[in-house]
Amino acid sequence: MSKLYMLNYVSPIGEIEIWGTSEAVHSIMFSDQDVPLTKTMEEAPPRVLEKCASQLDEYFKGERYEFTLPYAFEGTDFQQRVWNALVKVEYGETAAYKDIALAIGNEKAIRAVGSANGKNKLSIVIPCHRIIGSNQKLTGYAGGLWRKEWLLQHEKRFSESLRRIG
């Protein structure tokens, strides 16, 4: 396995640890969360981690609505299908676990979708915070429900501004 590097990013809702190799980002997690990776500290983070921090900064300023950086999933084929479906949930929008199950062609896999959603290690970039219960209520989020609510409100505020402009 390639060496892993780490970069801390201080967001408005807490410190985020960005882990990755010189080729791709592997983990974006709030630092009060467990990051299940073998970690190797290095002096200077590679450009890809700096690009991730820069794009997160733009996101939190309301200037970025999608991410364009190389990242690597580490999960089963099913988890990767779920995570690829999450990326398709638009900025400022939400979807239910059932919507994701339908999107991956397995409408009975609602609980498995929830489990895969919870194992997403690329917070914000793979927008698991946009997935809510079918009753429109917030459900679990590894960063804490208060962060999920904050992220959804943040996106709602900026997406409404975009609609008025466009």
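Because the structure is a prediction, the values reported are computed rather than measured.
Within a 6.0 Å sphere centred on CG of Asn135, heavy atoms belonging to other residues, nucleotides or ligands number more than 12. Dense packing is recorded around CD of Gln80, with more than 12 heavy atoms of other residues, nucleotides or ligands lying under 6.0 Å away.
What you find for Val48 and Ser22 is that their closest heavy atoms are CG1-O, 3.9 Å. Between Cys128 and Lys148, the shortest heavy-atom contact is O-NZ, 4.3 Å. Annotation for Ser159 and Gly92: closest pair OG-CA, 3.8 Å, computed over non-hydrogen atoms.
Annotation: side chain of Leu49 is not in contact with side chain of Trp19 (no heavy-atom distance under 4.5 Å). Between Thr94 and Val89, the closest side-chain pair of non-hydrogen atoms is not below 4.5 Å. When side chains are defined from C-beta on, Leu138 counts as touching Leu152, because their heavy atoms get closer than 4.5 Å. Annotation: side chain of Ser11 is not in contact with side chain of Leu56 (no heavy-atom distance under 4.5 Å).
Legend: residues meeting side chain to side chain donor-acceptor pair (under 3.5 Å) with Ser134, ordered by chain and number and at least two apart, are absent. Residues satisfying the ring-ring contact (aromatic ring centres under 6.0 Å, His included) criterion with Phe73, sequence neighbours excluded, are Tyr71, Trp83. With sequence neighbours excluded, the residues that form a side chain to side chain contact (heavy atoms under 4.5 Å, CB included) with Glu90 are Glu93.
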Would Ile124 and Phe67 count as a side-chain contact (heavy atoms from CB on, under 4.5 Å) here? Give the steps.
CA-CA 9 Å; Ile124 303 170; Phe67 293 88; 3.8 Å; yes

Show the numbers, then the answer: is there a side-chain contact (heavy atoms from CB on, under 4.5 Å) between Phe78 and Val113?
CA-CA 9 Å; Phe78 178 82; Val113 165; 4.1 Å; yes

Output, in order, the C-alpha distance, side-chain angles, deciding distance and verdict of side-chain contact (heavy atoms from CB on, under 4.5 Å) for Val25 and Tyr5.
CA-CA 9 Å; Val25 174; Tyr5 301 83; over 6 Å; no

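Put simply, the side chain of Ser123 gets close to the backbone of Ile28: a donor and an acceptor are under 3.5 Å apart.
For the side chain to side chain donor-acceptor pair (under 3.5 Å) condition, the pairs that include at least one residue of residues 50-62, sequence neighbours left out, are Tyr9-Asp57, Gln55-Thr68, Asp57-Lys61, Glu58-Arg64, Tyr59-Glu155. Listed by first and then second residue, the salt bridge (Lys or Arg N to Asp or Glu O under 4.0 Å) pairs that reach into residues 135-144 come to none, sequence neighbours excluded.
The aromatic rings of Tyr141 and His129 sit perpendicular, their planes meeting at an angle over 60°, well past the 30° parallel limit.
We find the CG-CD distance between Leu7 and Glu17 to be 10.0 Å, quoted to the nearest 0.5 Å. For the atom pair Glu15 CD and Asn8 CG, the distance stands at 4.0 Å (nearest 0.5 Å). Separation of atoms SG (Cys52) and CZ (Arg47) is listed at 11.0 Å; rounding is to 0.5 Å. We find the NZ-CD distance between Lys119 and Gln79 to be 5.5 Å, quoted to the nearest 0.5 Å. Separation of atoms CD (Glu149) and NZ (Lys156) is listed at 11.0 Å; rounding is to 0.5 Å. With values rounded to the nearest 0.5 angstrom, Phe30 atom CZ is found 3.5 Å from Ile13 atom CD1.
Taking hydrophobic clusters as Ile, Leu, Val, Met, Phe, Trp and Tyr residues chained together by side-chain heavy-atom distances below 4.5 Å, Val10 does not share a cluster with Trp150.
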Under 3.5 Å, side-chain donor or acceptor atoms of residues 95-109 against the rest of the protein: list the pairs with distances, not counting sequence neighbours.
{"residue": "Tyr97", "atom": "OH", "partner": "Thr139", "partner atom": "OG1", "Å": "2.8"}
{"residue": "Asp99", "atom": "OD2", "partner": "Ala96", "partner atom": "N", "Å": "2.8"}

